Amino acid sequence: MNLAVQLPGLTLKNPVMPASGCFGFGKEYSEFYDLNTLGAIIVKAATGEARYGNPTPRVAETSSGMLNAIGLQNPGVEKIITDELPFLRPFDTPVIANVAGSTVEEYVHVATTLNKSQDIAALELNISCPNVKEGGVQFGTNPELAKEVTYKVKEASNFPVYVKLSPNVSNITTMAKAVVDVGADGLSMINTLTGMQINLKKRAPIIANKTGGLSGPAIKPIAIRMIYEVRQALDVPIIGMGGITTAEDVVEFLLAGANAVAVGTANFQNPYACPEIIEQLPQVLSEYGFSSVADAIGKGHVHE
Amino acid sequence: MNLAVQLPGLTLKNPVMPASGCFGFGKEYSEFYDLNTLGAIIVKAATGEARYGNPTPRVAETSSGMLNAIGLQNPGVEKIITDELPFLRPFDTPVIANVAGSTVEEYVHVATTLNKSQDIAALELNISCPNVKEGGVQFGTNPELAKEVTYKVKEASNFPVYVKLSPNVSNITTMAKAVVDVGADGLSMINTLTGMQINLKKRAPIIANKTGGLSGPAIKPIAIRMIYEVRQALDVPIIGMGGITTAEDVVEFLLAGANAVAVGTANFQNPYACPEIIEQLPQVLSEYGFSSVADAIGKGHVHE
Amino acid sequence: MITKKRLEIISHLQIAEATFEVTVKSDFAAELKPGQFVHILVPGHMLRRPISIANVDREQKTFTMIFKIFGEGTKKLSECRSGDYLDIILPCGSHYPIEELELEHALLVGGGIGVPPLYYLGQQLKEKGVKVTSVLGFQGKSHVFYEEKFQQLGDTYIATNDGTYGKKGFVTDIIKELDQPMDYYFSCGPTPMLQAVTTLLANEKGYISLEERMGCGVGTCYACVVPLKNDPTKNKKICKDGPVFYANEVLLG
Amino acid sequence: MITKKRLEIISHLQIAEATFEVTVKSDFAAELKPGQFVHILVPGHMLRRPISIANVDREQKTFTMIFKIFGEGTKKLSECRSGDYLDIILPCGSHYPIEELELEHALLVGGGIGVPPLYYLGQQLKEKGVKVTSVLGFQGKSHVFYEEKFQQLGDTYIATNDGTYGKKGFVTDIIKELDQPMDYYFSCGPTPMLQAVTTLLANEKGYISLEERMGCGVGTCYACVVPLKNDPTKNKKICKDGPVFYANEVLLG
Ligand SMILES: Cc1cc2nc3c(=O)[nH]c(=O)nc-3n(C[C@H](O)[C@H](O)[C@H](O)COP(=O)(O)OP(=O)(O)OC[C@H]3O[C@@H](n4cnc5c(N)ncnc54)[C@H](O)[C@@H]3O)c2cc1C
Ligand SMILES: Cc1cc2nc3c(=O)[nH]c(=O)nc-3n(C[C@H](O)[C@H](O)[C@H](O)COP(=O)(O)OP(=O)(O)OC[C@H]3O[C@@H](n4cnc5c(N)ncnc54)[C@H](O)[C@@H]3O)c2cc1C
Ligand SMILES: Cc1cc2nc3c(=O)[nH]c(=O)nc-3n(C[C@H](O)[C@H](O)[C@H](O)COP(=O)(O)O)c2cc1C
Ligand SMILES: Cc1cc2nc3c(=O)[nH]c(=O)nc-3n(C[C@H](O)[C@H](O)[C@H](O)COP(=O)(O)O)c2cc1C
Ligand code: FES
Ligand code: FES
C-alpha cells in the first residue's frame with residue numbers, strides 16, 4: 001500500500017508525524033523506536049531567546065483530554081539549531097521546525113535564524129501565541145495579525161511555511177483564507193482549545209497559568225469539523241491533528257481533507273503511538289476500500 | 001445545608017436544573033422521578049412556528065461527548081404554551097423557556113407570545129442559532145447581532161432574560177459584555193461547540209446535517225474557562241453548563257463563578273442524573289469545606 | 001413504568017458469527033412486551049445502546065437479548081460475562097399491539113439483528129393460538145441463529161445474501177413464493193429490507209420496527225425521528241412512539 | 001533501556017489505610033534502580049500515573065510498588081487484582097547514585113507516599129554494608145506501613161502528624177534529636193517536608209526525590225520542571241533529570 005504523501009517541501013513516506021510539543025526534539029522517543037519509521041517530525045516550538053516557560057503544575061487531566069500550559073519552554077532558536085536539531089540529521093525523516101514568538105519581529109527573527117539550519121525541511125508557524133505588543137490578543141484569532149506575521153515570515157524564510165491555526169475562533173475559514181492569501185504554503189490544524197480545570201481542594205485552577213490548552217480525543221470532533229470546512233473552501237495542503245490515537249482516526253482526518261496528520265497527546269499515553277498507527281494504517285485503509293493514502297484524502301466530503 | 005439560590009426571577013431550592021433540549025418538556029423524566037426535586041427546568045427551544053428539525057441521524061457519539069443536530073424541532077411557541085407547559089404547572093419548580101429563531105423578528109415574536117404563559121419564570125435566549133437574514137452567521141458569534149437580539153427581546157418580554165452564549169468565539173467576555181450592556185439579566189453558558197464525525201464506511205459525516213454541537217464531559221474544561229473569564233470581568237448571574245455529570249462537577253462550576261448549573265447530556269446517560277447530583281451536593285460541598293451553595297460561588301478565583 | 005436498573009447477566013453465549021445471546025435477571029421481565037427494547041449503558045461510552053427484547057421467561061424473571069458486534073459498544077457487551085451487571089433503562093418504546101388484533105395467521109419477516117424481537121413476538125402469537133410463518137434473512141450461513149426455535153413456532157424459511165444457507169437472496173424472494181394467507185405481517189430489519197417488504201406487501205396489514213441513532217432513548221431529545229407518510233412535515237420518535245409502527249404510518253429511508 | 005510493557009500483577013495487597021502494595025512480574029526488574037519510577041496507564045485515563053519502585057526481587061524477576069489512593073487513577077489501581085495486567089513505562093528517571101558515593105552511614109527520611117522508594121534504597125545500602133537509619137512520617141497510625149521492614153535495615157523512627165503512633169509531629173522533630181553521624185541523607189516526600197528537611201540538614205550532603213504532575217513521563221513535554229537553585233531562570237525535568245536531585249541543586253516550592 002502506498003502511504004507516501006508529497007507536500008510543499010516535504011516528501012513523506014507516510015502521513016504520520018508527531019505533533020509539536022509532544023515529542024521534544026526526538027531524543028527521548030528515539031530510545032523507544034527507530035525514528036526512521038515516522039513520516040516527519042515536528043519539533044518543539046522555538047523562540048528568539050531561551051524561555052523558562054510557565055510555573056508548575058503545567059498539565060492536568062480532563063475527560064478524554066488534557067490541559068497544558070508549558071509556556072513555550074525552549075532553549076532558544078540558536079541553541080535548537082546547534083544543540084538539538086543535529087541529532088535528527090541521521091534519520092531519513094524530514095523535520096519541521098515550530099516557530100513561535102510574542103511579536104512579529106520575534107517570529108521573523110526565529111524564521112530568519114532557522115534559514116541556516118541544514119536539518120529542517122519546513123516551518124510550522126505557531127500563531128496561537130499571544131501578541132505582547134497587541135496586549136495579549138492571539139495572532140491566531142485575529143485575521144489581520146495572522147496575515148501580517150505569515151506574510152513577514154514567508155518573506156524571511158527559505159522554507160515552506162505551514163501556518164498552525166488556533167481553533168479558538170468563530171470562523172476557521174476566514175483565518176485559513178487570511179494566511180493562504182499572503183502565501184502560506186500549507187496549514188496545520190488544530191492547535192489546542194483554551195480550557196481550565198479547578199482543583200476543589202485548593203479552590204484554584206490546577207494549572208499554575210490558570211488556563212491551558214485542551215488536547216486529546218475530546219477535541220477530535222472540532223478538529224475534523226474545522227479541517228472539513230477549510231478543505232471545502234480552499235485547495236491547500238493541510239496537516240491535520242487533534243486527538244488522533246488510532247489508524248482509524250488518521251483515516252477520518254484524511255477523509256475530512258487532511259493531507260497528512262500529526263499525533264500529539266497520544267504519545268504520552270502510548271510512546272509507541274506513532275509507529276503503531278503507521279503499522280496499522282495500510283490494513284485500515286484497505287478495510288475501508290482505499291488503495292493508498294492519497295486515495296482517501298478529502299473523500300469524506302458529500303457533494304449535494 | 002442551604003442549597004438555595006436567588007437569581008433574577010428565579011427562586012431556586014437548589015442550583016441544579018436540566019439543560020434545554022435534554023429534557024423535552026419534562027413529561028418523560030417525570031416517569032422516572034418527582035420533578036419537584038429539581039432547582040428549575042429549562043425546556044426545549046421554542047420557535048415562532050413548528051419546526052420539523054434536521055434529517056436523521058441527528059446524534060453521534062464522541063470521546064466523552066456527543067454531537068447533536070436536532071435542528072430545533074418543536075411544535076411552535078403557541079402549542080408549547082397551550083399543550084406542553086401546563087404539564088409542569090403542578091410542580092413547585094420554576095420553568096425557563098428557551099427562545100430561538102432565525103431572525104430578530106422571530107425571537108421577538110416568540111418572546112412576546114411567551115408573555116401570556118403563566119407557567120414560566122424566565123427566558124433563556126438561545127443565540128446560537130444561525131441568522132438566516134445575515135446569511136447564516138450565528139447571532140451568538142457576532143457581538144452586534146447578539147446585542148440587537150438581546151435588546152429587542154428584553155424590550156418585548158415581561159420575564160427576566162438569560163442569554164445563552166455560544167462557545168464558538170475567540171473572546172467570550174466580549175460577547176458577555178455585549179449582551180449585559182443592553183440589559184441581559186443573566187447569562188447561560190455554554191452552548192455546544194461545533195463539531196463533526198465522519199463515518200469511515202459511508203465516507204460521509206455521520207450526522208445528516210454534517211456538523212453538530214459537541215456536548216458532554218469533553219467540553220467541560222472549555223465551559224469552566226469561559227465562566228471563569230466572564231466572572232472575572234462581570235458581576236452578572238450565570239447559569240453554568242457543559243459536561244456536568246457529578247456533584248463534584250457542580251462545585252467546580254460554582255467555584256468558576258456559576259450561580260446555578262444545568263445538566264444536559266448526562267441525562268441521557270443516566271435519567272436520574274439531576275436528582276442524584278442534587279442528593280449528593282450537600283455532602284460534596286461540605287467535604288470541600290463549603291457551608292452552602294452561595295458560599296462556593298466564585299471561590300475558585302485566585303486574586304494576585 | 002420505565003426505570004433504570006442494574007441487572008445481573010445470568011447467561012452469555014455466542015450463538016452465531018459475532019452474535020451473542022445475553023440473558024439477565026429482572027423483576028420487570030413479565031411486563032416486557034414484544035417489540036420493546038432496552039437501553040444499555042456501556043461503560044466508558046456517552047450514549048446508551050438500544051437492544052430489542054428477544055425473549056422473556058416470566059417464571060425465571062429473566063429476559064434475553066441477542067445482538068451482533070457492530071462497533072465498539074456491542075464489542076464491549078460481547079466481552080461481558082455471567083455475573084456481570086448491566087445498567088439498563090427498561091422497558092422502552094412501543095410494542096406489537098397483538099392484544100388488539102384479530103389474528104389467525106401471522107407472517108414474521110426478520111433480517112439480521114431484526115430477527116430477535118420477532119422471536120418473542122412469535123412466542124406470544126403462538127401462545128394466543130395464532131399460526132406463525134417466519135421468513136428470516138441473514139448475511140450467510142455462519143450468521144444464522146435461532147432457526148430451530150422459530151421452527152417450533154411454525155414454518156420457517158431462511159434466505160442468505162450469499163446463498164450459503166437456505167435460499168440465496170432476500171426475504172422478499174421467499175415471501176413472493178409463499179402462498180399463504182395472512183392477517184398481518186410483522187417485520188424488523190435494516191431499512192432497505194423494510195422498504196422492500198412494505199412495498200411487496202403494500203396490500204397487507206402489517207407492523208414494522210425501526211432503528212435510528214438515539215440520544216436519550218426515552219423521548220426527550222428528538223434524535224430518533226421518522227417522518228409520517230401522510231404528512232412528512234411531521235415526525236414521530238422511534239424510541240417513544242416506536243420502534244413499532246403501523247406499516248403505512250411512516251416514511252422509510 | 002526505557003520501554004513499555006504489559007506486566008502481570010502477581011500480588012495485590014492493602015497494607016495500610018488506603019495504601020496498597022502491588023507486585024508485578026518483569027524481566028527488567030533487575031535493572032531497576034532505587035529512586036526510579038514507573039509510569040502506569042490507568043484504563044480510561046489520558047495521562048499515566050507515576051509510581052516509585054519500592055522493592056525489587058531480582059531472582060523472582062518482580063518489582064513492587066506502594067501507592068495510596070489519592071484520586072481516580074490510584075483508586076482504579078487499587079481495584080486491580082492478581083492476574084490483571086498493567087501497561088507500564090519503565091524504568092523512568094534518575095536514581096539515588098549510591099554506586100558513586102563514599103558511604104558509611106545513611107539517613108533515610110520519608111513522608112507518606114515518599115516512603116516506598118526509600119525502602120528499595122535502604123535494601124541496596126544495607127547490601128553494600130552501609131549503616132541505615134530511617135525516619136518515617138505518616139498522617140496517623142492507620143497509615144503506617146513497612147515499619148518492620150525498615151527496622152530490618154536499621155534503626156527506624158516513626159512520626160505521625162496526629163500523634164497516634166510514634167512521635168507526634170514531623171520527621172524533622174525526630175531528626176533534630178538524632179545524635180548520629182551521617183555521610184548522606186536521602187529524602188522523599190511532600191514538598192513542605194522536603195523543604196523542612198533540606199533546611200534542617202543544610203550542612204549535610206543529601207539527595208531528594210521530587211514529585212510533579214507529569215505528561216509524558218519521559219522528558220519530551222516539559223510538564224514536570226523544577227527551577228535550579230543557582231539559576232532559577234533554568235529548570236530541570238523531574239521525569240528525566242530527576243526525580244532524584246542533589247539536595248542543593250533545585251529550588252523547592
Ligand atoms: C430500537 C432498536 C432496537 C435494536 N435492537 C437490536 C438488537 O436486538 N440486536 C442488535 O444487535 N442490534 C439492535 N439494534 C442496533 C444496535 O442498537 C446497534 O447495533 C448498536 O447501537 C451499535 O452500537 P456499537 O457501539 O456497536 O456501534 P458504534 O457504531 O460504535 O456506535 C456509535 C453510536 O451509534 C449508534 N448506532 C450505531 N448503529 C446503530 C443502529 N443500527 N441503531 C441505533 N443506533 C446505532 C450507537 O448506539 C452509538 O450511539 C437496535 C437498534 C434500535 C434503534
Ligand atoms: C516520580 C513520582 C513518584 C511517585 N511515587 C509514588 C508512589 O510510590 N506512591 C504513591 O502513592 N504515589 C506516588 N506518586 C504520586 C502519584 O503519582 C499520584 O498520587 C497519582 O498520580 C495521583 O493520581 P490519581 O489519579 O489518584 O489522582 P488525580 O488527582 O485524579 O490525578 C489527576 C492527575 O494529576 C496527577 N497527579 C495528582 N497528584 C499527583 C502527584 N502528587 N504527583 C504527580 N502527579 C499527580 C495524576 O497523575 C493525574 O495526571 C509519585 C509521583 C511522582 C511524580
Ligand atoms: C504538552 C503539549 C505541548 C504542546 N506544545 C506545542 C508547541 O510548542 N507548539 C505548537 O504549535 N503546538 C503545541 N502543542 C499542540 C499540539 O502540537 C497539537 O496541536 C494539539 O495538542 C492537538 O493534538 P493532539 O490532540 O493530538 O495532542 C502542544 C500540545 C501539548 C499537549
Ligand atoms: C440533544 C441536545 C439538544 C439540545 N437542544 C438545545 C436547545 O434546544 N436549546 C439550547 O439552548 N440548547 C440546546 N442544547 C445544548 C444544551 O442545553 C447544553 O447547553 C449543552 O449540551 C452543554 O451541556 P451538557 O454538556 O451538559 O450537555 C442541546 C444539547 C443536546 C445534547
Ligand atoms: S432518542 Fe431521544 S427522543 Fe428518541
Ligand atoms: S512529564 Fe514530560 S517532560 Fe517530564
Side-chain angles (χ1 to χ4, degrees), chain A residues 18 20-33 43-45 49-75 199-201 206-208 212 214-218 243 245 264-273 276, chain D residues 1-6 38-50 70-76 87-93 191 210-228 231-243 250-253:
Chain A
S20 180
C22 304
F23 209 73
F25 295 97
K27 271 195 197 100
E28 294 79 10
Y29 288 117
S30 78
E31 295 182 40
F32 285 88
Y33 60 87
V43 294
K44 176 75 188 156
E49 302 302 319
R51 292 220 192 166
Y52 179 90
N54 290 322
T56 57
R58 292 177 170 186
V59 293
E61 187 182 67
T62 71
S63 292
S64 297
M66 67 175 282
L67 294 169
N68 90 79
I70 306 297
L72 294 178
Q73 173 172 353
N74 80 97
N199 187 322
L200 304 190
K201 269 184 227 161
I206 290 193
I207 301 242
L214 182 63
S215 62
T245 59
T265 307
N267 292 292
F268 306 156
Q269 212 175 38
N270 176 9
Y272 299 103
E276 286 179 5
Chain D
M1 247 283 292
I2 194 163
T3 183
K4 180 177 82 79
K5 292 284 170 193
R6 281 186 76 233
V38 301
H39 212 29
I40 308 182
L41 186 74
V42 183
H45 286 262
M46 279 310 296
L47 297 180
R48 289 171 177 262
R49 271 48 180 178
F70 178 80
E72 273 187 62
T74 45
K75 176 135 202 306
K76 282 196 192 152
D87 180 318
I88 296 184
I89 296 178
L90 82 170
C92 299
T191 306
L210 305 184
E211 277 182 22
E212 187 50 80
R213 285 181 188 247
M214 293 186 174
C216 64
V218 303
T220 65
C221 78
Y222 298 87
C224 64
V225 298
V226 57
L228 301 186
D231 180 2
T233 69
K234 292 212 162 58
N235 58 38
K236 287 206 164 182
K237 296 171 192 164
I238 291 173
C239 71
K240 187 81 180 175
D241 307 316
V250 290
L251 203 61
L252 293 177

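So that the names make sense, note that chain A is the first sequence line, chain B the second, and so on, each numbered from 1. All values derive from a computational prediction rather than experimental measurement.
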- Query: For D:Thr3, is it the side chain, the backbone, both, or neither that has a heavy atom closer than 4.5 Å to a heavy atom of chain A?
  - Reply: both
- Query: To the nearest 0.5 Å, what is the distance between CG (D:Leu41) and CE (D:Met46)?
  - Reply: 9.5 Å
- Message: Please classify the contact of D:Ile2 with chain A as side chain, backbone, both or neither, using a heavy-atom distance under 4.5 Å.
- Response: both
- State the CD-SG distance between D:Glu212 and D:Cys239, to the nearest 0.5 angstrom. 11.0 Å
- Toward chain A, the part of D:His39 with a non-hydrogen atom under 4.5 Å: neither
- Task: Could you tell me whether a side-chain N or O of D:Lys237 sits under 3.5 Å from a main-chain N or O of D:Gly219, the two making a donor and an acceptor?
- Result: yes
- Determine the option with the most heavy-atom pairs under 4.5 angstrom with chain A, choosing from D:Met1, D:Lys240, D:Arg48. D:Arg48
- Pairing residues for D:Lys4 by the salt bridge (Lys or Arg N to Asp or Glu O under 4.0 Å) criterion, not counting sequence neighbours: D:Asp87
- Message: Check this for me: A:Glu31, atom CD, are more than 12 non-hydrogen atoms of other residues, nucleotides or ligands nearer than 6.0 Å?
- Response: yes
- Query: If you count heavy-atom pairs under 4.5 Å with chain D, which of A:Ile206, A:Thr265, A:Asn54 comes out on top?
  - Reply: A:Ile206
- Honestly, the part of A:Phe25 sitting under 4.5 Å from a heavy atom of chain D is side chain
- Which residue out of A:Gly216, A:Ser64, A:Gly26 racks up the most heavy-atom pairs below 4.5 Å with chain D? A:Ser64
- Query: Given a strict heavy-atom distance threshold of 4.5 Å, which part of A:Thr245 is in contact with chain D: side chain, backbone, both, or neither?
  - Reply: neither
- Picking from A:Asn68, A:Ile70, A:Asn267, which has the most non-hydrogen pairs under 4.5 angstrom with chain D? A:Ile70
- Is there a side-chain contact between D:Asn235 and D:Val226, using heavy atoms and a 4.5 Å cut-off? no
- Message: Does any backbone or side-chain atom of D:Pro232 lie under 4.5 Å from a heavy atom of chain A? Answer side chain, backbone, both or neither.
- Response: backbone
- Item | Side-chain donor/acceptor of D:Arg49 to backbone N/O of D:Leu47, under 3.5 Å | yes
- Query: In terms of heavy-atom proximity below 4.5 Å to chain A, should D:Arg213 be classed as side chain, backbone, both, or neither?
  - Reply: both
- Where does A:Lys44 contact chain D at under 4.5 Å (heavy atoms): side chain, backbone, both or neither? side chain
- Query: Which pair of heavy atoms, one from D:His45 and one from A:Gln269, lies closest together, and at what distance?
  - Reply: O-NE2, 2.8 Å
